[in-house]
Amino acid sequence: MKKVTVTLMVAMVISMFAGGAFSGVTSLRGDKELTANSDESDRRKQVVVRGGMERSYKIQPPVIPHKVDKDTINLKTNTCMNCHSEKTFEEKKAPKVGDSHYVTRDGTVQETISSRRYFCDQCHAPQLDAEPLVNNQFEGAK
Ligand code: HEC
Ligand code: HEC
């Protein structure tokens with residue numbers, strides 16, 4: 001038991017020193033005083049890609065390849081469905097929402113979209129042309 005306690009203490013001391021090594025890292029908001037406001041971030045344009053964007057893995061919710069700033073999703077309206085619903089997609093030349101969007105949580109297939117899939121932006125996100133804040137080596141599954 002004693003040995004375990006000593007090992008734990010040594011580990012704690014080491015991690016305290018290791019923590020100190022990170023204090024030289026600059027925060028993403030720069031060297032601002034805690035009480036100062038951050039710089040206003042750049043206004044970036046939403047990326048518009050004809051034909052949509054490649055998915056990183058098979059069942060990924062596809063990202064939104066068009067502007068959405070005029071769209072509204074609330075209890076009364078869902079303007080996404082003006083184009084993506086079973087009634088409108090052909091005329092609007094838009095892809096119909098996935099078949100999974102009509103299935104309720106107990107597996108029943110409905111004529112209209114399931115409430116589980118009503119708030120589109122829970123899963124689908126528009127994209128901005130921006131460098132990642134932190135570099136990473138993520139690669140999509142092919
Ligand atoms: C004015 C019609 C219209 C509206 C409104 C609209 N979309 Fe779209 N959407 C399209 C069209 C057309 C495409 C196909 C674009 C292309 O492939 O070039 C598309 C593509 C998409 C895709 C990509 C599908 C894929 O397989 O890659 C997603 C996701 C999407 N829209 C989600 C949304 C969401 C969420 C909203 C509401 C915030 C919305 N759309 C509002 C017309 C619309
Ligand atoms: C809970 C997550 C979730 C929500 C909410 C959701 N989707 Fe999806 N969506 C997905 C996933 C996952 C896929 C890919 C698998 C599939 O087709 O079901 C997808 C696929 C799609 C596609 C491509 C279909 C195809 O055949 O390629 C469109 C278009 C789309 N969704 C639009 C919408 C719209 C519009 C809404 C809101 C009314 C919405 N989705 C809500 C998860 C979601």
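Numbering of ligands and ligand atoms starts at 1, following listing order.
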Mind listing the N or O contacts between ligand 2 and protein, cut-off under 3.5 Å?
| unit_1 | atom_1 | unit_2 | atom_2 | d |
| --- | --- | --- | --- | --- |
| ligand 2 | 7 (N) | H101 | NE2 | 2.8 |
| ligand 2 | 7 (N) | H124 | NE2 | 2.8 |
| ligand 2 | 9 (N) | H101 | NE2 | 2.9 |
| ligand 2 | 9 (N) | H124 | NE2 | 2.9 |
| ligand 2 | 18 (O) | S100 | OG | 2.4 |
| ligand 2 | 27 (O) | R55 | NH2 | 2.9 |
| ligand 2 | 31 (N) | H101 | NE2 | 3.0 |
| ligand 2 | 31 (N) | H124 | NE2 | 2.8 |
| ligand 2 | 40 (N) | H101 | NE2 | 2.9 |
| ligand 2 | 40 (N) | H124 | NE2 | 2.8 |

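- A salt bridge links K32 and D39; the closest N-O separation between the charged side-chain nitrogens and carboxylate oxygens is under 4.0 Å.
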Which donor-acceptor pairs under 3.5 Å do side chains of residues 94-102 form with protein atoms, sequence neighbours excluded?
| unit_1 | atom_1 | unit_2 | atom_2 | d |
| --- | --- | --- | --- | --- |
| S100 | OG | R117 | NH1 | 3.2 |
| H101 | ND1 | G98 | O | 3.1 |
| H101 | ND1 | R117 | NH1 | 3.3 |
| Y102 | OH | E86 | OE1 | 2.4 |

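- If you chain together ILVMFWY residues whose side-chain heavy atoms come under 4.5 Å of each other, L75 ends up in a group of its own.
- Contact annotation: the side chain of V68 approaches that of Q46 to within less than 4.5 Å [non-hydrogen atoms, C-beta and beyond].
- Residues N82 and S85 bring no donor and acceptor atom of their side chains to less than 3.5 Å of each other.
- Atom numbering of ligand 1 starts at 1 in the shown order; those under 4.0 Å from a heavy atom of R50 are 18 (O).
- Residues I73 and C120 are in side-chain contact: their nearest non-hydrogen atoms beyond the backbone lie under 4.5 Å apart.
- A side chain to side chain donor-acceptor pair (under 3.5 Å) check over residues 118-135, counting only residues at least two apart or in different chains, returns nothing.
- With a 4.5 Å cut-off on side-chain heavy atoms, Q110 and T104 count as touching.
- Of all atoms in ligand 1, listed by their number and element, those nearer than 4.0 Å to a heavy atom of V63 are 23 (C), 29 (C).
- Using a 4.0 Å cut-off between heavy atoms, H66 contacts ligand 1 through its side chain alone, with no backbone atom that close.
- Heavy-atom proximity to V68, at under 4.0 Å, picks out these atoms of ligand 1: 38 (C).
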